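Please read the structure below before turning to the comments.
Naming: A, B, ... by sequence-line order, numbering from 1 per chain. Predicted model, so just to flag it, every value in this text is computed and none were measured. Computation of the quantities below employed the complete heavy-atom set of this structure, encompassing side-chain atoms and omitting hydrogens, waters and symmetry-equivalent molecules.
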Protein chains: 2
Amino acid sequence: MPVSDKKTPIHQVMQEEVETGPVDGLILEERLGYALRRAQLKVFKHFDEAMREHDIRPAQFSALVIIEGYPGVTQASLAQTLAIDPPRVVNLVNTLESRGLAVRVRSKRDRRSYGIFLTRAGEALVVTLKALSEQSDLTATQGLSDIERRQLLALLRRVYSPQAPEK
Amino acid sequence: MPVSDKKTPIHQVMQEEVETGPVDGLILEERLGYALRRAQLKVFKHFDEAMREHDIRPAQFSALVIIEGYPGVTQASLAQTLAIDPPRVVNLVNTLESRGLAVRVRSKRDRRSYGIFLTRAGEALVVTLKALSEQSDLTATQGLSDIERRQLLALLRRVYSPQAPEK
DNA sequence: GGGATATAGTTACTCTATACAACTATTTCC
DNA sequence: GGAAATAGTTGTATAGAGTAACTATATCCC
């Protein structure tokens, strides 16, 4: 039962039949958060499709790419770069390990921490995944030219990392 | 206990001490999904701060703005425009109703559906919230010029709504 | 050298978001 | 008038995100 049944109707009841049909987002299009969410939904949907066959989630993909680029990266660094919190990193790395894509190696310098490395299987997979991801980004942004895509990336980078260079 | 204890160490064990310090996102910066997520995190963080005093979540704000622009909008239209599913709309509208910001009015044309309207309190609040949201977007994108902000919005719109005009 | 403090990782718990299945009431299609 | 579709609701399941508390180790400082 709708909550309104318990409340007094208000002045707008007179306007009742004003508008019902499908409504575009015109009014919200000036809201950055709305635009970011809608764009991210679309890009992630394409990404999920592209990765479905490999059963890889966005954070897993990003982690693999970072580990490839920085072999021996610690979980704390991963957390920072992925902008996720330490508990999620534990879970993430557990998954990668149990699937044989990465391994933890206890650091000799600081025995509290682990260096994370890709296995050969992980190295092979990340190459495939990067190609798939690039393709998925292209199809998700079909309407944009290469220049516009680069513009978009540069602008986004400058939003989340204010000290990023303009070009 | 880390999963790796149960696995054979792999070839990279030799490289163990390679890299640990904080790692920037350089390697991922070409990934659209990563950039979108990071930017959205930042924009939403500012938004949450701006709205904390009013205890308004992003979806609630967007709903209020849509209802203001399309009085009598149905829940189905709300779901479409907000890109959330019908069960969440029910919950959302329940919250707005119980806080006295909006009301459901049964449609005479189609008695399955409701038109959603703002109460006077809702109308007053949405004016305040829109100003706060604009201010929050500005501070979240401090590094950008007005022109770049508009460029970013236009590019995002063309990503999620491919038929959107270039300018 | 040794105790206080900080850090890396882990576990547990909470809250929200998202997705999906099933159901009621009503409308539309044939 | 009956079959199929639609608007809204309820319930359930899973993932994302934030927080608190804990262990083991390292660093700081007297």
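- With sequence neighbours excluded, the residues satisfying side-chain hydrogen bond (donor to acceptor under 3.5 Å, both in side chains) with B:Gln75 are B:Arg104.
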Worked verdict on A:Glu148 versus A:Leu153 for side-chain contact (heavy atoms from CB on, under 4.5 Å): CA-CA 9 Å; A:Glu148 290 169 331; A:Leu153 270 171; over 6 Å; no
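- In this structure, B:Asn94 atom CG and D:dT9 atom P are separated by 7 Å, rounded to whole Å.
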Return a table of donor-acceptor pairs under 3.5 angstrom between the side chains of residues 45-54 of chain A and protein atoms on other chains or two or more places apart.
unit_1  : atom_1 : unit_2   : atom_2 : d
A:His46 : ND1    : A:Thr139 : OG1    : 3.4

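- As rounded to whole Å, 13 Å separates atom C1' of D:dG8 from atom CD of B:Glu97.
- Sorted by first and then second residue, the salt bridge (charged side-chain N to carboxylate O under 4.0 Å, His left out) pairs involving residues 70-87 of chain A (not counting sequence neighbours) form an empty list.
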Dot-bracket encoding per residue of DNA chain D, Watson-Crick/G-U cut-off under 3.5 Å, | denoting interstrand: ||||||||||||||||||||||||||||||
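- Atom pair A:Asn91:CG and C:dC13:C1' shows a separation of 14 Å (rounding to whole Å applied).
- Straight-line distance from the CD1 atom of A:Ile116 to the C1' atom of C:dG9: 10 Å, rounded to whole Å.
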Sequence-aligned protein contact record of nucleotides 23-30 of chain C, with B where the base is within under 4.0 Å of a protein heavy atom and S where only the sugar-phosphate is: --BBS---
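- Going from atom CZ of B:Arg104 over to atom C1' of D:dG8 covers 8 Å, rounded to whole Å.
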Sugar-phosphate or base contact per nucleotide [nucleotides 13-21 of chain D; S, B, -; heavy atom under 4.0 Å]: ---SSBB--
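- With sequence neighbours excluded, no residue satisfies side-chain hydrogen bond (donor to acceptor under 3.5 Å, both in side chains) with A:Asp55.
- Hydrophobic clustering (ILVMFWY, side-chain heavy atoms < 4.5 Å, transitive): A:Leu101 and A:Ile84 are in one cluster.
- For residues 68-82 of chain B, the pairs satisfying salt bridge (charged side-chain N to carboxylate O under 4.0 Å, His left out) are B:Glu68-B:Lys130, with sequence neighbours left out.
- Taking A:Thr141 as the reference, A:Leu144, A:Arg149, B:Leu32, B:Val159 meet the side-chain contact (heavy atoms from CB on, under 4.5 Å) condition, with sequence neighbours excluded.
- The separation between A:Gln75 atom CD and D:dT25 atom P is 15 Å, rounded to whole Å.
- Shown here are the side-chain hydrogen bond (donor to acceptor under 3.5 Å, both in side chains) partners of B:Arg57, two or more places apart in sequence or in another chain: there are none.
- Atoms CG (B:Leu78) and C1' (D:dT9) sit 16 Å apart, rounded to a whole Å.
- For the side-chain hydrogen bond (donor to acceptor under 3.5 Å, both in side chains) test, no residue two or more places apart in sequence or in another chain qualifies with B:Arg88.
- Residues meeting the side-chain contact (heavy atoms from CB on, under 4.5 Å) test with B:Glu134, sequence neighbours left out: A:Arg31.
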